[in-house]
Amino acid sequence: MPGTAPPSGMRDFLPEDVRRREYVIGIIKRVYERYGFEPLETPAAENLETLLGKYGEEGNKLIFKILRRGEHEATGQADLALRYDLTVPLARVVAQYQAKLPRPFKRYQIQPVWRADRPGRGRFREFYQCDVDSLGSTSPLVEAELCGAVSDALTELGFKGFRFRINHRRRLTRLLRAFRIPPELHERALVALDKLDKVGPDGVAAELRNGGLGADSVKAFLAFYGLVQTAPGTYGADVSLLALDMSESASSNTMAESDEMSAAENLRAILELTKGTSAESRMHYDPFLARGLSYYTGAIMEVNVADLAGSLGGGGRYDNLVGMFSGQHIPACGFSLGLERILVVMTERGMFPPSLATSPADVMVATFDAAGAGPAMRVAGVLRGAGLRVMVYPDPDRIGRQIKYADGRGIPFVAILGEDEIKAGTVTVKNLARQTQRTYQQSAAGAAIREALTGRG
RNA sequence: GUGGGUGUAGCUCAGGGGCAGAGCGCCUGACUGUGGCUCAGGAGGUCGCGGGUUCGAAACCCGUCACCCACCCCA
């Protein structure tokens, strides 16, 4: 027996699952369209070299490779790979169609991506991302607008307590320098810092020590953390933006200083521009936010809710990625929502509207014998013409069984078509919830059912 | 990749060297043109897979695979 489970980390979506997914996707699409983002789709696979080297060392390992086909198959070499995210394919597309695409170019893309890592809670090998990106502008307005759009989408889905954390790649490097962390340990240290909200300052300090960092680095981290913590409005205010400058002013050189200042100003400008969007009160500066992908160059963002360990989504500015394909410098910034994460939270909290638990049809036509099949098809057509969703039960099973089937599927009405009805050109409509039934002219049944349906709310 | 746990009916699970079990679901009938409730009956299993111990293994031992949890990393 081959086994019937789908491949590990990949899922079948039964009708109920698909309805929930489409509900969420529909809302996200509508919101993004409202901001002038246009739809884009790209192939599941990319040339392997398109993906390699874009995600950092860890990312390279997680790319799902596709073996060469035909006579080269035996070599075991790969030339294609399933896409790892939607950002790199976007950069490729923008490089490829420079002449055709407007600038700035704003697009959204909701498609699956694949990662060859071990599945876990809310983690899959095949999962959907909902990306929005703006290309062609370095304005902080872009970051602010992305946060606003994402915030609108989450709000419309019914999320209440989400927060955006924002940081800047250049500030992060500077922070590491301030902690006297040697460059070769930067990646490791970033991972440790990123875990602050999970393991707390002591946990991070322990990680840093385990990572082979000296006591002075750990001390510098704890000191900085203390400063941030004691600053008024911590994590939420511009005040903490200043903390880094204060802690560092003594030992900095001018170049780094101006670079740092521009990063701080950039963050301030973004925060300023989110005012008036639905993201305004949700923006929080987090000096320890890191994010794993290596292509980010400027602001980085993440959106979280309290009851999910990971994030609902994240994004940032990647000004050099398109250039890796075209040689032309096209600045870009984007945000990606994880559909599966959103679904996990919404399912746990019961955030789906009751109307989603819909039946496959409004009416099911039931018949008693093979002779009823033809009339049933015609009546179904008439009912569909009245705007109803109609299915015909295909076999002349016992009528009780047919009604039971309809009831089990949540179909509210059964249109019974027996010998008498067929002769008279009528149809008996049974309301399953009310246990009532009434016989109508076939031409009038549709309107009657529609009325009963809207009456039901 | 590391550590732990679990694999028994379609689903959720009990059992613990001697006849393969329960609840739910499914099917049949009571009820031949009417569902939910009730009652009676029925179908459905290589006890994950391979080997070993034993008169005898679903159980004990070894291996293996799958899934779950934690770590790691991420959306």
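The sequence lines fix the lettering, A, B, ..., with proteins before strands; numbering per chain opens at 1.
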With both pairing distances under 3.5 angstrom for Watson-Crick or G-U wobble, and | for a partner in another strand, the correct string for RNA chain B is (((((((..((((....[..)))).(((((.......))))).....(((((..]....))))))))))))....
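At the phosphate of B/C67, OP1 or OP2 sits under 4.0 Å from a side-chain N or O atom of A/S8. Taking side-chain N and O atoms only, A/K195 has a distance below 4.0 Å to OP1 or OP2 of B/C72.
RNA chain B lies under 4.0 Å from at least one heavy atom of each of the following residues of residues 393-402 of chain A: A/R398, A/I399, A/G400, A/R401.
Residue-to-nucleotide contacts include no donor-acceptor pair under 3.5 Å from the side chain of A/E419 to the base of B/G33.
Between the side chains of A/D131 and A/Y32, no donor N or O sits under 3.5 Å from an acceptor N or O. Side-chain contact, A/Y55 with A/D85: a donor N or O sits under 3.5 Å from an acceptor N or O. Side chains of A/Y108 and A/E33: a donor on one and an acceptor on the other come within 3.5 Å. Judged purely by distance below 3.5 Å, without hydrogens or angles, the side chains of A/T428 and A/T439 pair a donor atom with an acceptor atom.
The pair A/R20-A/D17 meets the salt-bridge criterion, with a side-chain N (NZ, NE, NH1 or NH2) lying under 4.0 Å from an Asp/Glu carboxylate O. Under the 4.0 Å criterion applied to side-chain N and carboxylate O atoms, A/R291 and A/E302 are assigned as salt-bridge partners.
Comparing A/L62 and A/Q437 by the nucleotide of RNA chain B whose heavy atom lies nearest to each, the residue mapping closer to the 5' end is A/Q437.
Partners of A/K106 under the side-chain hydrogen bond (donor to acceptor under 3.5 Å, both in side chains) rule, at least two apart in sequence or in another chain, are A/E145.
In the set B/C72, B/G35, B/U34, B/G35 carries the atom at the smallest distance from any side-chain atom of A/K404. Side-chain proximity of A/D407 to B/U34, B/G36, B/A75: nearest is B/G36.
When heavy atoms are screened at a 4.0 angstrom cut-off, A/E421 is found touching base atoms of the nucleic acid. Counting non-hydrogen atoms under 4.0 angstrom, A/V191 reaches the backbone sugars and phosphates but no base.
Taking the P atoms as reference points, B/U32 lies 23 Å from B/G25, given to the whole Å.
The aromatic ring of A/F127 sits over the base of B/A75, with ring centres less than 5.5 Å apart and planes inclined by under 30°.
Here the shortest heavy-atom pairing between A/V322 and A/L135 reads CG2-CD2, 3.8 Å.
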